[in-house]
Amino acid sequence: RCGNSFCDENPAAFVEDVFAKCGYAATFVPKQELRKNAEMYLQTLISYIDKGVPVIVWYETLVGVFVGYEDYGKILLYITGNNNQPDRITLDNALEGRPHNDGWIFVGNRKEDRSLAKIYREAIFAIPRHMSIKTDTYCFGAEAFRAWARDIENGKFDGMKVEEFDTWSYYTNYLCVLATNGTASHEFLRRAMKFNPDMVFLEEVMRLYKKTADIWHNQNGEDLEAIGGGFNITLETLQNKEKRARIAAKIRECGDITDQILQVLNEGLQTLKE
């Protein structure tokens, strides 16, 4: 969730920083600015596509790349998800909806030739700092799991009506992060080790992340999915004190494992500094 939280604070700075770490210039144009100067940015988009450079569209409801246009830009062609063929959207529809933090990203020229080894190394060194962030509005790492468990156990959902319960916003969003970190982080960590063979401690980090994935969906009937705290969550379950206590306990286990992950990272990275 680091990206989302940092982007909410200052999306332009976040985008520019991410691409700068890869050696590229980039410009984020928020949707409200796109609406005010639609023709100018449309022409910019067309010029990018004519040069063979796609433009990233980063909306809450649409994330992908603009790869073409029809009728002088009145129709935009975009690819999202795992699609291998573009879909079509009118320019008017592409500029409708939620303006906050939605926008287009124009990726510019390479400013610096940065090796993949260095990019991965810097990313690993940044993880402990990100995992330790705690502000008045959000937190990461182990504390995020404990805050989530407290919300569940302390009656946040008591008295809530079914029509008020947004499953994604209130629960499965966080579960998705847990599941993704536990199952999809390994390829990134393996690549980091491939480019930086001295980061052998990442093997232990992967083992620990696998343990969090098992808490989600691989504990012989005791995992979150099995006890009703997975993607099958219901408001009724969260309002049942016994059921939610079991769920909160599992989430706290993830917090404890995350403490171990942070310790392994800090100790491993310290050896590289010495």
Side-chain angles (χ1 to χ4, degrees), residues 1-9 11 14-15 30-31 56-65 78-83 87 89 93-94 96-103 105 130-131 133-185 209 212-219 223-241 243-255 258:
R1 299 292 295 168
C2 290
N4 285 351
S5 299
F6 296 158
C7 183
D8 284 346
E9 292 180 342
F14 173 75
V15 168
K31 190 182 281 187
I56 299 171
V57 52
W58 190 6
Y59 293 168
E60 182 181 36
T61 55
L62 174 64
V63 178
V65 287
Y78 68 94
I79 291 179
T80 187
N82 295 320
N83 297 343
D87 292 313
I89 187 172
N93 286 341
E96 286 182 355
R98 172 182 178 267
H100 181 61
N101 292 347
D102 283 358
I105 300 172
H130 289 151
M131 290 179 69
I133 290 175
K134 182 179 179 181
T135 74
D136 292 338
T137 55
Y138 58 82
C139 54
F140 303 138
E143 181 56 29
F145 284 110
R146 291 172 185 135
W148 182 16
R150 285 194 300 271
D151 276 350
I152 291 169
E153 208 165 34
N154 292 346
K156 176 178 179 176
F157 302 99
D158 291 348
M160 184 177 289
K161 298 176 181 178
V162 173
E163 59 268 22
E164 297 171 336
F165 181 58
D166 182 338
T167 309
W168 175 258
S169 296
Y170 283 124
Y171 191 90
T172 52
N173 181 13
Y174 308 118
L175 184 69
C176 184
V177 175
L178 163 61
T180 301
N181 286 347
T183 60
S185 62
Y209 269 122
T212 66
D214 290 343
I215 288 173
W216 160 54
H217 196 28
N218 189 28
Q219 281 193 328
D223 51 81
L224 283 169
E225 291 292 345
I227 65 175
F231 287 98
N232 55 352
I233 193 70
T234 64
L235 179 58
E236 180 182 4
T237 296
L238 292 172
Q239 291 176 339
N240 182 297
K241 290 186 178 181
K243 291 180 179 179
R244 73 191 186 200
R246 290 185 69 192
I247 292 168
K250 286 293 177 184
I251 292 171
R252 287 195 180 94
E253 284 183 40
C254 291
T258 303

Side chain to side chain contact (heavy atoms under 4.5 Å, CB included) assessment of Phe145 paired with Leu178 = CA-CA 9 Å; Phe145 284 110; Leu178 163 61; 4.0 Å; yes
Walk me through it: do Glu143 and Arg146 pass the test salt bridge (charged side-chain N to carboxylate O under 4.0 Å, His left out)?
-> CA-CA 5 Å; Glu143 181 56 29; Arg146 291 172 185 135; 5.1 Å; no
Short question: side chain of Tyr171, backbone of Gly229 - any donor-acceptor pair under 3.5 Å?
-> yes
Report yes or no: is the cationic atom of Lys31 (NZ for Lys, CZ for Arg) under 6.0 Å from the centre of the six-membered ring of Tyr59, at an angle within 45° of the ring normal?
-> yes
Does Arg252 reach the side chain of Arg150, with side-chain heavy atoms less than 4.5 Å apart?
-> yes
Which of Asn83, Val63, Leu62, Ile56 passes side chain to side chain contact (heavy atoms under 4.5 Å, CB included) with Tyr78? It is Leu62
Report yes or no: does Glu225 contribute a side-chain atom to a donor-acceptor pair with the main-chain N or O of Phe231 at less than 3.5 Å?
-> yes
For the side chain of Thr237 and the backbone of Ile233, is there at least one donor-acceptor N/O pair under 3.5 Å apart?
-> no
Heavy-atom donor-acceptor pair, Gln239 side chain to Thr234 backbone, under 3.5 Å | no
Between the side chain of Asp158 and the main-chain N/O of Lys156, is any donor-acceptor distance below 3.5 Å?
-> no
Verify, without hydrogens or angle tests, whether Thr212 (side chain) and Tyr209 (backbone) share a donor-acceptor contact under 3.5 angstrom.
-> yes
Under 3.5 Å donor-acceptor, Thr135 side chain and Tyr138 backbone = yes
